[in-house]
Amino acid sequence: MGSLLVLLLLTGCATGPALENQGAVTAEPGDSRQLTVGSAGFTESDLLAQMYARLLREAGYRTEMLSVANRELYEPALESGQIDVVPEYAATFADWLNAKTNGADAPPVGSPDLNDTMTALRALAAPRGLTVLDPGRAVDQNAFAVTAAYAKRHRLSTLTDLGRSGLKVRLAAGDECVERPYCKPGLEKVYGIHITGIDPKGVGTTQAKQAVQSGRDQMVLTTSTDATLDAFGLVLLEDDKKLQNADYVVPVVNRARAGSEAVTKVLGKLNSVLTTEDLAAMNREVDSWRRLPADVADAYLEDKGLI
């Protein structure tokens, strides 16, 4: 709590490299042996942060954890070096930095194309003294689920299958689904899915899943690492035409303190093993089985031979 209080007090006056000096972040990347790993305060972020911290400790770094559930606070702290490493999501973070840099009305730079998204993200992050490391295989993006019985009955495994089926679909989602390009408009335009209405029960909420489970709705908007789909008898339909943005997991580091090749190599160890399915399984262990994120993270790294 003390560390969090200090962070809250300091972020108001702490800033990273001045934006008028864009491109002038030229000092050698740092390799501080004492690193603070940040978490955004939800299960998946906690798990990723715990894995980062454990890998860094195994490599000889001293680490401490800091949970800050608000990007408006932890991103400036990352720029200033109060936080050295944080897990992020490529497209979401790119759009957030873009809005911070160019204004809330700036056209989005995150897209379904991972290369384009990473290029835009790194261009926005570098002038702020931040380095975005390579993404791995794990992605946490919007996803759509139906009941397993519904999928089996209509032979559905992809959103294309659903569009081709001609089935009428009532979708449990948030109010914004009506106008967001990744939701109702995109499902209709890209996949030809016949959306008859939006049931405004939120994204991946228990109420939304229950509505689909009961047959009130036919599909629910959730996320690709949702840990509770099995409990409701739901399965994801593959976004085979890549409607959703490339929200791949990426470590972001303060360049002056943690931008070294050594840190990059340590954190990059996760890239070859961590999958979307792995994240969903770990989320389930924490959210449904009530295991501690640190214990789940350690067990995963040990199982994969990383520690």
Side-chain angles (χ1 to χ4, degrees), residues 22-23 40 44-45 48 71 75 78 86-128 130-145 157-164 171 173-174 176-193 195 203-204 219 221-226 236-253 255 264 267-268 270-280:
Q22 287 188 14
E44 187 169 291
S45 186
L48 290 163
R71 188 178 278 115
E75 190 278 331
L78 186 61
V86 71
E88 263 293 356
Y89 300 91
T92 295
F93 196 44
D95 284 338
W96 192 88
L97 286 180
N98 185 43
K100 182 176 179 177
T101 303
N102 299 312
D105 295 331
V109 294
S111 76
D113 187 291
L114 179 58
N115 289 333
D116 288 350
T117 297
M118 288 297 295
T119 297
L121 173 55
R122 283 171 165 156
L124 288 160
R128 296 182 177 276
L130 306 180
T131 297
V132 183
L133 306 187
D134 288 341
R137 300 152 61 192
V139 57
D140 187 353
Q141 59 193 170
N142 293 306
F144 296 91
S157 61
T158 68
L159 290 171
T160 291
D161 292 338
L162 181 57
R164 286 174 178 164
L171 176 63
E176 68 279 4
C177 181
V178 174
E179 57 187 29
R180 292 286 175 86
Y182 66 81
C183 205
K184 183 177 184 289
L187 291 173
E188 293 174 333
K189 180 178 180 180
V190 175
Y191 288 108
I193 297 172
I195 305 295
V203 179
M219 189 162 68
L221 170 62
T222 184
T223 64
S224 57
T225 59
D226 190 320
L236 293 178
L237 295 182
E238 181 188 351
D239 178 22
D240 52 312
K241 293 183 180 177
K242 299 190 183 302
L243 172 63
Q244 303 304 320
N245 280 348
D247 259 330
Y248 284 75
V249 174
V250 289
V252 182
V253 302
R255 184 178 185 275
T264 298
L267 297 181
L270 270 181
N271 284 358
S272 61
V273 297
L274 184 65
T275 65
T276 304
E277 292 74 20
D278 292 341
L279 273 180

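Counting heavy atoms from C-beta on, the side chains of L121 and V252 never come closer than 4.5 Å. Here the side chains of N142 and L221 are in contact, with some heavy-atom distance below 4.5 Å.
Of the inter-residue distances, the one linking W96 atom CH2 with E75 atom CD reads 4.0 Å to the nearest 0.5 angstrom. How far OH of Y248 is from CD of Q141: 6.5 Å, rounded to the nearest 0.5 Å. For the atom pair NZ of K242 and CG of L114, the computed distance is 9.5 Å after rounding to the nearest 0.5 Å. One finds the CG atom of D239 at 8.5 Å from the CG atom of L187 (value rounded to the nearest 0.5 Å). Distance check: R122 CZ to M118 CE gives 3.5 Å after rounding to the nearest 0.5 Å. Atom CG of L236 is separated from atom OG1 of T158 by 12.5 Å, given to the nearest 0.5 angstrom.
At a cut-off of 3.5 Å, with distance as the only test, no side-chain donor of D226 or T223 sits close to an acceptor on the other residue. A side-chain donor from one of T275 and D278 sits under 3.5 Å from a side-chain acceptor of the other. Checked by atom type, the side-chain pair D240/T160 shows a donor-acceptor distance below 3.5 Å.
Judged purely by atom type and a 3.5 angstrom limit, D247 uses its side chain to pair as donor or acceptor with the backbone of A91.
Between S224 and T276, the shortest heavy-atom distance links the atoms O-CG2, 3.4 Å. In this structure, A145 and T222 approach most closely via the heavy-atom pair CB-CG2, 4.4 Å. Taking all atoms of both residues into account, the shortest heavy-atom contact from V109 to A94 is CG2-O, 3.6 Å. Contact between C177 and P185 at its shortest, heavy atoms only, is O-CD, 3.5 Å. In plain terms, the two heavy atoms of R137 and L274 that are nearest each other are CB-O, 3.6 Å.
F144 pairs with exactly one of I193, L171, L162 by the side chain to side chain contact (heavy atoms under 4.5 Å, CB included) rule, that one being L171.
Counting non-hydrogen atoms of neighbouring residues, nucleotides and ligands closer than 6.0 angstrom, the NZ atom of K241 exceeds 12 such neighbours. In R164, the CZ atom is not crowded: 12 or fewer heavy atoms of neighbouring residues, nucleotides or ligands sit closer than 6.0 Å.
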